[in-house]
There are 2 protein chains.
Amino acid sequence: MADVRWLDDREAQLWQAYRDLTRELQRAFDRQLERDAGLSGADYAILAPVSEAEDGVIRMRDLGRQVGWDRSRLSHQVKRMEKRGLVAREDCADDARGAMVRITPAGRDAIEAAAPEHVATVRRHFFDHLSERDQATLTRLFERLLDGLGHDT
Amino acid sequence: MADVRWLDDREAQLWQAYRDLTRELQRAFDRQLERDAGLSGADYAILAPVSEAEDGVIRMRDLGRQVGWDRSRLSHQVKRMEKRGLVAREDCADDARGAMVRITPAGRDAIEAAAPEHVATVRRHFFDHLSERDQATLTRLFERLLDGLGHDT
DNA sequence: GATGCTTTGATGATGCGTCAACAAGCGGTA
DNA sequence: TACCGCTTGTTGACGCATCATCAAAGCATC
């Protein structure tokens with residue numbers, strides 16, 4: 001433990017930039033969604049896949065896998081969204097344990113109001129500053145890092 | 001609005017990788033800190049700069065700027081940490097509006113317990129997968145994106 | 001030194017995220 | 001059939017993050 005290899009100046013600079021960037025991007029997207037459609041980032045993260053699912057219905061389990069959330073977080077979020085009328089919960093025909101989430105007309109209105117400006121914001125803050133080559137590089141590096149996170153220690 | 005330029009497949013792939021990566025890295029760091037020192041990511045974000053400040057004391061305002069948080073978030077966080085004995089709040093001599101945050105011995109113990117394994121985790125999940133050239137590229141791109149976020153729209 | 005604007009910080013309300021605990025149904029097997 | 005382990009989903013508690021609001025002090029100008 002005494003022989004810790006601390007971050008040197010260049011490493012610290014990258015690490016700082018990474019944290020600042022993720023924090024500020026998150027902040028920018030959350031504000032935009034809230035402003036343009038009264039949605040939180042979490043609302044959008046759920047509404048997007050549900051709206052694209054077959055018939056606007058998807059099983060909780062599959063939704064959770066798609067967005068990478070655990071069951072608890074998803075359950076809480078869907079409960080809050082149901083209370084606001086963005087989605088409805090239904091029983092699952094195939095599996096009595098299951099639960100389905102269906103997007104409501106109000107939910108569809110909300111995501112359709114939010115999506116164009118959201119994509120525009122993603123472009124303005126992210127893609128517009130990156131050449132095709134930059135984008136390819138980032139994809140390669142991000143996926144390499146993600147791959148490393150999988151086989152954990 | 002009808003002429004939205006949606007993300008194409010390659011862009012969507014990068015965007016997905018970015019969101020997955022930030023989410024999973026966050027999760028990995030939070031778990032490690034909690035496990036090794038009973039600290040949240042927010043605790044660590046505050047303790048690190050406070051412990052490095054002159055005499056282990058820093059003004060709330062300056063701390064807030066250093067970590068990029070707003071006043072409210074910082075105030076709530078410091079309050080919780082004070083209750084747990086990690087930091088102490090003191091009056092500011094120069095400016096009667098101000099408040100100082102001082103790290104306690106318990107706070108110093110906690111960060112010293114957490115830091116080595118935290119840095120090791122950052123290396124294992126991030127730097128170890130990136131060549132010097134990769135790191136330089138990421139620094140350049142991240143800072144370019146951050147720069148774009150500054151001059152906002 | 002009174003007035004008005006800005007800075008600094010605290011607070012309550014509300015939504016988000018995680019953990020531990022729980023309940024109910026599935027599937028395989030004795 | 002009865003049992004067992006696994007999967008699926010919910011809940012309550014608690015800490016985190018943001019917003020709106022407030023109060024107090026600094027500071028410039030008159």
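Below, each value reflects all heavy atoms present in this structure, side chains not excepted, and no hydrogens, waters or symmetry copies.
- Across the protein-nucleic acid pair, B:Met81 atom CE and C:dA10 atom C1' stand 17 Å apart, rounded to whole Å.
- For D:dT11, the base has a donor-acceptor partner in the side chain of A:Ser72 [N/O atoms by modelled type, under 3.5 angstrom].
- In this structure, the side chains of A:Gln66 and A:Ile58 come closer than 4.5 Å at one or more pairs of heavy atoms.
- Not a single donor-acceptor pair, N or O on each side, falls under 3.5 Å between the base of D:dG15 and the side chain of B:His76.
- At a threshold of 4.5 Å between non-hydrogen side-chain atoms, the residues B:Arg5 and B:Glu11 count as touching.
- Nucleic acid contact class of A:Asp95 (heavy atoms, under 4.0 Å, all strands): sugar-phosphate only.
- Atoms CZ (A:Arg97) and P (D:dT8) sit 6 Å apart, rounded to a whole Å.
- Of the residues in residues 84-93 of chain B, not one comes within less than 4.0 Å of DNA chain D through any heavy atom.
- Taking the six-membered ring for Trp and the full ring otherwise, the centers of A:Tyr18 and B:Phe126 sit less than 6.0 Å from each other.
- At least one side-chain heavy atom of A:Leu74 sits under 4.5 Å from a side-chain heavy atom of A:Ile46.
- Between B:Arg124 and B:Glu117, the closest side-chain pair of non-hydrogen atoms falls below 4.5 Å.
- Atom pair B:Arg27:CZ and C:dC16:P shows a separation of 17 Å (rounding to whole Å applied).
- Between A:Arg35 atom CZ and D:dT18 atom P there is a gap of 16 Å when expressed in whole angstrom units.
- Rounded to whole Å, the distance from CD on A:Glu34 to C1' on D:dA17 is 13 Å.
- Of the two residues near DNA chain C, A:Arg80 and A:Asp94, the one whose nearest nucleotide lies more 5' is A:Arg80.
- A heavy-atom distance below 4.0 Å to DNA chain C is reached by these residues of residues 38-66 of chain A, ordered by number: A:Ser40, A:Ala42, A:Asp43.
- In this structure, A:Ala99 and A:Asp30 both approach DNA chain D, and ranking their closest nucleotides by distance from the 5' end singles out A:Ala99.
- Atom C1' of nucleotide C:dG15 and atom CD of A:Glu82 are separated by 17 Å, given to the nearest angstrom.
- Taking the side chain as every heavy atom from C-beta outward, A:Leu33 and A:Ser40 never approach each other to under 4.5 Å.
- Protein atom CZ of A:Arg73 is 16 Å distant from nucleotide atom P of D:dC16, rounded to whole Å.
- The side-chain heavy atoms of B:Val101 and B:Val57, taken from C-beta on, include no pair separated by under 4.5 Å.
- Residue A:Arg71 has no polar side-chain atom (N or O) positioned under 4.0 Å from OP1 or OP2 of D:dT8.
- Taking atom CG on B:Leu74 and atom P on C:dT7, their separation rounds to 18 Å, with Å as the unit.
- The side-chain heavy atoms of B:Arg10 and A:Thr139, taken from C-beta on, include no pair separated by under 4.5 Å.
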Checking salt bridge (charged side-chain N to carboxylate O under 4.0 Å, His left out) for the pair A:Arg61/A:Asp95: CA distance, chi angles, key distance, verdict? CA-CA 11 Å; A:Arg61 179 191 57 181; A:Asp95 185 339; 5.5 Å; no
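- Among the atoms of the strands shown, only primed sugar atoms or phosphate atoms (P, OP1, OP2) are found under 4.0 Å from some heavy atom of B:Arg31.
- Remark: A:Lys79 is in phosphate contact with D:dT11, judged by side-chain N or O atoms under 4.0 Å from OP1 or OP2.
- Remark: aromatic rings of A:Phe29 and B:Trp15 are close, center separation under 6.0 Å.
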